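Could you have a look at this structure, given as structure tokens, before my questions?
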There are 2 protein chains.
Amino acid sequence: MDGDKIRNMEEFASVSGLSRPTLSKYFHDPESVRTSTRKRIEAALEQYDYRPNIYAMNQNRRLTKNIGIVVPFLADPFFAEIARNIENLVTESGYRPILLNSQGSPENEIDNLDSLRSIKPAGVLFAPLGRESDRSAIESFCRDVPTVLFDSNIDGMGEAFVGSDNYSFVSQTVEYLSRTGEPPSFFEMRNPANPNANKRRHAYVKMMERLGLEPHVIRIEGSGWGFEEIGRQGGFKVLEEKLLPTDTVLCSNDRLAIGFLSACFERGVSVGRVDGCDLRVASHDDHPFSRFTCPSLTTAAHDYTEVSDRSVETLLRLIESGGRFERREEELFAAHLIMRNSA
Amino acid sequence: MDGDKIRNMEEFASVSGLSRPTLSKYFHDPESVRTSTRKRIEAALEQYDYRPNIYAMNQNRRLTKNIGIVVPFLADPFFAEIARNIENLVTESGYRPILLNSQGSPENEIDNLDSLRSIKPAGVLFAPLGRESDRSAIESFCRDVPTVLFDSNIDGMGEAFVGSDNYSFVSQTVEYLSRTGEPPSFFEMRNPANPNANKRRHAYVKMMERLGLEPHVIRIEGSGWGFEEIGRQGGFKVLEEKLLPTDTVLCSNDRLAIGFLSACFERGVSVGRVDGCDLRVASHDDHPFSRFTCPSLTTAAHDYTEVSDRSVETLLRLIESGGRFERREEELFAAHLIMRNSA
DNA sequence: CCCAATTCTTTACGCGCGTAAATTTTTACT
DNA sequence: AGTAAAAATTTACGCGCGTAAAGAATTGGG
């Protein structure tokens with residue numbers, strides 16, 4: 001560093017011996033200039049540590065290098081983990097990730113989209129709240145901004161959807177549970193916000209019928225995003241009122257299961273797949289904490305890596321295609337069963 | 001909405017019957033124009049839904065309405081929770097929060113600060129990684145940008161620090177544990193990245209000595225941010241090698257405790273404060289999941305609300321003071337003990 | 001009703017960079 | 001060495017808004 005403070009690209013152009021338009025090209029895409037030129041620029045960059053003013057860069061550019069990432073509830077480690085992966089991929093691709101958290105509220109979700117709109121992002125990766133989302137607001141957003149949905153699908157919204165195949169989750173857990181012991185009841189919230197929950201229930205019923213078993217769905221009350229507490233209260237209720245026809249429970253998702261397990265523990269109900277246990281509990285998602293529950297949770301895992309990779313890959317392809325696909329793409333990844341000690 | 005699309009402030013000025021400079025003032029601070037004018041603007045805003053271009057707004061302004069929030073590891077629900085609180089407060093204060101995640105890596109931390117610097121934020125709320133942070137880079141950042149540290153302190157950095165009083169945490173847990181049963185050993189990582197961990201160990205030793213008890217610190221190997229797994233492996237080791245002089249363990253933080261509890265469960269070691277249990281386990285932080293562990297975790301809780309409130313309040317005051325305080329402020333909040341079933 | 005203080009309008013310039021077009025220089029290849 | 005293609009330079013304009021200064025309009029208080 002020469003201590004000389006470079007004020008703008010013009011000055012940096014003169015000290016680096018190049019022209020401003022060339023530098024502009026370089027900052028837009030380093031690969032777009034000759035290797036020798038790139039080296040010169042990067043050498044000068046070392047010396048003078050100049051950085052272009054992003055505001056000036058973006059104001060007069062059609063599409064920026066920003067990519068918005070909107071998740072419904074960041075305090076859920078599942079989304080934190082996905083967001084983490086996606087952020088890294090976006091950065092590696094030379095874009096700037098902008099992470100926005102809807103915090104379970106439809107108003108925040110719209111605010112986030114509005115705020116993204118005014119940032120003119122190259123594209124947006126968007127995991128909607130689901131049932132509570134404002135469909136028309138999202139529709140209008142997707143018309144203006146190239147958007148790929150992930151995690152939860154809303155029919156027709158965005159140019160693509162990347163997520164997990166709920167049927168794959170449930171078929172594996174149901175198959176495994178009914179093969180190795182009594183068939184499972186399905187434990188879920190009565191009014192799940194997330195569309196995946198509904199698909200999982202349907203898959204459960206269908207799968208049970210296919211196996212010639214009687215489906216049994218337990219739907220507990222509760223709203224909001226405090227799934228663990230809801231699962232816990234539901235667990236108490238289920239245990240007290242003896243709502244289980246068999247010794248096996250399949251929770252709609254791991255967070256409910258975490259609460260359910262804590263209820264079992266507190267009531268002295270032993271959970272596990274070994275002989276002598278009162279109950280078997282399994283679930284879906286492979287939540288980051290599910291290996292640390294007591295007992296550790298048998299669950300069907302998202303392919304976090306595939307979902308993140310493909311979401312980003314799809315968005316980049318969408319951006320290159322000018323923001324529109326011929327027809328909406330939909331890609332679902334299979335789950336894989338993770339056998340731990342709870343079932 | 002009239003369908004008419006307003007392209008810039010000039011156009012919006014003409015349709016709203018006001019001058020552009022007045023509108024500019026309004027968008028900078030709605031209170032700075034006469035009430036009647038404000039009403040007129042807001043009415044027009046309803047009709048035409050125009051939003052100023054943020055890039056153009058900020059490029060030529062000294063300080064923006066952006067507030068950066070940097071957390072060391074967002075996949076840790078503790079930070080997710082704090083970040084959530086802070087984001088809300090920042091928004092309520094009329095600023096735009098920009099949440100950045102260092103993901104446990106010092107390189108990311110510096111990248112985040114660099115990226116914030118180029119955004120010219122009004123101020124930054126910064127929770128550093130700790131031991132691994134690049135001191136000099138942070139120092140230089142704090143010289144340029146009004147910064148308030150939170151959660152973990154680095155001496156002399158930033159204009160203020162807001163966090164929890166580690167001594168208060170540990171003194172309460174140690175006092176409680178030794179009053180109600182055998183005195184605790186202290187369970188921690190050998191090389192904790194976070195400075196709070198060191199303070200907690202010191203506090204433990206001091207507190208034990210004050211009570212006339214023999215301190216006993218167990219330091220387990222492990223690096224990175226996978227605390228649960230480290231606690232779990234450490235737990236196995238402790239149980240196998242019988243490293244505990246008493247039946248009581250105090251973990252440095254809840255995430256270690258979550259792992260430790262899972263190890264106990266797996267080895268059939270019963271944990272709890274009731275008679276007949278093999279072990280008592282307590283911890284610090286009141287991690288969002290600590291009420292769902294098996295057994296639920298007795299812990300000393302951060303005052304999340306106070307820490308978030310005060311951090312934001314302090315930063316806003318710092319911004320109003322022109323970015324500098326007479327002398328560095330430091331504010332620590334006391335913990336409160338939360339008695340659950342593990343001890 | 002007058003006057004001073006406040007608020008708004010008019011005018012004008014600049015911010016830092018994107019970007020287009022025409023020109024010159026460099027590169028790669030025969 | 002000659003040539004076409006590729007890359008860089010020069011020139012010039014515009015983006016949308018901040019902001020300063022000077023004047024006009026509005027306000028409120030006596």
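So you know, we letter chains A, B, ... as the sequences are listed, proteins then strands, and number each from 1. Nothing here was measured: the structure is a model prediction, and the numbers come from that model.
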For A/S24 and C/dC17, is the shortest distance between a side-chain N/O and OP1 or OP2 below 4.0 Å? no
Starting at CG of B/L23 and ending at P of D/dC17, how long is that distance when rounded to a whole Å? 10 Å
Could I get a table of every N or O pair under 3.5 Å where one atom is in the protein and the other is in nucleotides 14-16 of chain D?
from   : atom 1 : to    : atom 2 : distance (Å)
D/dG14 : N2     : A/N60 : ND2    : 2.8
D/dC15 : O4'    : A/N60 : OD1    : 3.3
D/dC15 : O2     : A/Q59 : NE2    : 2.1
D/dG16 : N2     : B/Q59 : NE2    : 2.9

If we ignore hydrogens and angles and just use 3.5 Å, is the side chain of A/R317 paired with the main-chain N or O of A/F325 as donor and acceptor? no
Table please: side-chain donor-acceptor pairs of residues 136-145 of chain A below 3.5 Å, with sequence neighbours left out.
from   : atom 1 : to     : atom 2 : distance (Å)
A/S136 : OG     : A/D134 : OD1    : 3.1
A/S140 : OG     : A/R117 : NH2    : 3.4
A/D144 : OD2    : A/R117 : NH1    : 2.3

Taking atom types as modelled and ignoring hydrogens, do the side chains of B/Y26 and B/E42 form a donor-acceptor contact shorter than 3.5 angstrom? yes
Here the distance between atom P of D/dT26 and atom NZ of B/K39, to the nearest Å, is 20 Å
Here the distance between atom P of C/dC17 and atom NZ of A/K65, to the nearest Å, is 17 Å
Between the protein and nucleotides 6-8 of chain C, are there any N/O to N/O pairs under 3.5 Å, and if so, what are the atom names and distances?
from  : atom 1 : to    : atom 2 : distance (Å)
C/dT7 : O4'    : B/R34 : NH2    : 3.4
C/dT7 : O3'    : B/R34 : NE     : 3.4
C/dT7 : O3'    : B/R34 : NH2    : 3.2
C/dC8 : OP1    : B/R34 : N      : 3.2
C/dC8 : OP1    : B/T37 : OG1    : 2.2

Rounded distance in Å - CD1 (B/I6) to C1' (D/dC17): 16 Å
Given the side-chain rings of B/F73 and B/F78, with only the six-membered ring counted for Trp, is the space between their centroids under 6.0 Å? no
Say whether B/T314 and B/E329, considering side chains only, have a donor N or O and an acceptor N or O under 3.5 Å apart. no
Separation between CD (B/E87) and CG (A/N108), nearest 0.5 Å, reads 8.5 Å
Please check this pair: side chain of A/E81 against backbone of A/P77, looking for a donor-acceptor N/O pair closer than 3.5 Å. no
In whole angstrom, give the distance that lies between atom OH of B/Y26 and atom C1' of D/dG18. 18 Å
What integer distance in Å separates B/R20:CZ from D/dG18:C1'? 8 Å
Between CG of A/N58 and P of D/dC17 the distance, given in whole Å, is 15 Å
Rounded off to whole Å, could you give me the CE-to-P distance for the A/M57 and C/dC17 pair? 9 Å
Residue pair A/S105 / A/Q103, side-chain donor-acceptor N/O under 3.5 Å: no
Would you say B/R96 and A/S115 are linked by a side-chain donor-acceptor pair, where the criterion is simply a distance under 3.5 Å? yes
